[in-house]
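See below for the structure under consideration.
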Amino acid sequence: KNEVEQSPQNLTAQEGEFITINCSYSVGISALHWLQQHPGGGIVSLFMLSSGKKKHGRLIATINIQEKHSSLHITASHPRDSAVYICAVRSRSGAGSYQLTFGKGTKLSVIP
Amino acid sequence: DAGVTQSPTHLIKTRGQHVTLRCSPISGHKSVSWYQQVLGQGPQFIFQYYEKEERGRGNFPDRFSARQFPNYSSELNVNALLLGDSALYLCASSLYLSLEAFFGQGTRLTVV
């Protein structure tokens with residue numbers, strides 16, 4: 001079983017729809033990242049959070065540390081939001097060292 | 001301000017050869033991490049360096065090695081290439097070990 005599980009794996013939405021992507025993890029973490037990866041491969045960091053909720057434009061990320069669960073919401077989705085969204089958790093891997101463990105990603109396609 | 005830059009962007013090598021991938025972190029960032037992403041999967045942690053010292057290593061064979069230079073740039077070396085080493089190799093930098101990571105565009109390595 002992967003330490004970081006995302007759902008759904010694939011998501012198709014109509015433009016304007018509200019989208020939710022979920023992430024569950026099984027390890028203790030110091031922070032959780034939501035990342036966006038476009039077909040070219042480069043990864044953009046959307047959020048890093050360790051508690052509560054963060055909002056940036058149409059994107060909202062929440063985390064529940066007790067339940068080991070995070071969600072990424074996209075309001076009023078647009079075709080340019082089409083990408084792979086990856087959840088990654090940051091945990092200690094040794095003395096003074098941190099490691100990112102990634103989910104497999106959720107491929108989002110927003111249709112005009 | 002330049003982001004994380006990786007070179008080359010694409011590379012084709014033959015089985016058994018050696019490859020060196022390069023990463024320049026964001027100016028002022030002292031930590032560099034390397035990740036391998038095979039098609040359809042999330043990235044896997046390979047190495048983390050901070051202040052020129054290895055601070056973390058993922059579950060990769062000894063054919064993989066890395067180093068960080070005094071200017072904080074980094075190289076990832078892979079010896080005796082196998083077909084399974086074909087992947088997108090991502091570099092990420094952060095100011096310190098525990099802070100938000102910023103990713104480069106990646107180097108796509110194809111082993112034939």
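In what follows, every chain begins at residue 1, and chains take the letters A, B, ... in the order their sequences are listed.
- Between Q37(B) and I86(A), the closest side-chain pair of non-hydrogen atoms falls below 4.5 Å.
- The shortest side-chain heavy-atom distance between F45(B) and F102(A) does not fall under the 4.5 Å cut-off.
- No more than 12 heavy atoms of other residues, nucleotides or ligands lie within 6.0 Å of CD in Q9(A), so this atom counts as exposed by the packing criterion.
- For the pair L88(B) and Q37(A), the minimum side-chain heavy-atom distance is below 4.5 Å.
- Cluster annotation: V44(A) and V89(A) are assigned to distinct hydrophobic clusters (Ile/Leu/Val/Met/Phe/Trp/Tyr, side-chain heavy-atom contacts under 4.5 Å, transitive).
- Around the CG atom of N59(B), the shell of radius 6.0 Å holds no more than 12 heavy atoms that belong to other residues, nucleotides or ligands.
- In plain terms, the two heavy atoms of H33(A) and E100(B) that are nearest each other are CE1-CA, 4.1 Å.
- Counting heavy atoms from C-beta outward, P43(B) and I43(A) have side chains that approach closer than 4.5 Å.
- Around the CZ atom of R15(B), the shell of radius 6.0 Å holds no more than 12 heavy atoms that belong to other residues, nucleotides or ligands.
- Around CG of L39(B), the count of heavy atoms belonging to other residues, nucleotides or ligands within 6.0 Å does not exceed 12.
- Only the side chain of Y35(B) comes within contact range of chain A, with at least one heavy atom under 4.5 Å from a heavy atom of that chain.
- Residues S45(A) and A101(B) come closest through the heavy atom pair CB-O, 3.9 Å.
- I60(A) and L108(A) fall into different hydrophobic clusters, defined by Ile, Leu, Val, Met, Phe, Trp and Tyr side-chain heavy atoms under 4.5 Å apart, directly or through other members.
- In this structure, L35(A) is not a member of the same hydrophobic cluster as I46(B), with clusters built from ILVMFWY side-chain heavy atoms closer than 4.5 Å.
- The distance from atom OG of S94(B) to atom CE of M48(A), rounded to the nearest 0.5 Å, is 9.0 Å.
- With a 4.5 angstrom heavy-atom cutoff, Q6(B) does not touch chain A via any of its atoms.
- Atom CZ in R57(B) sits 12.5 Å away from atom CD in Q99(A) (nearest 0.5 Å).
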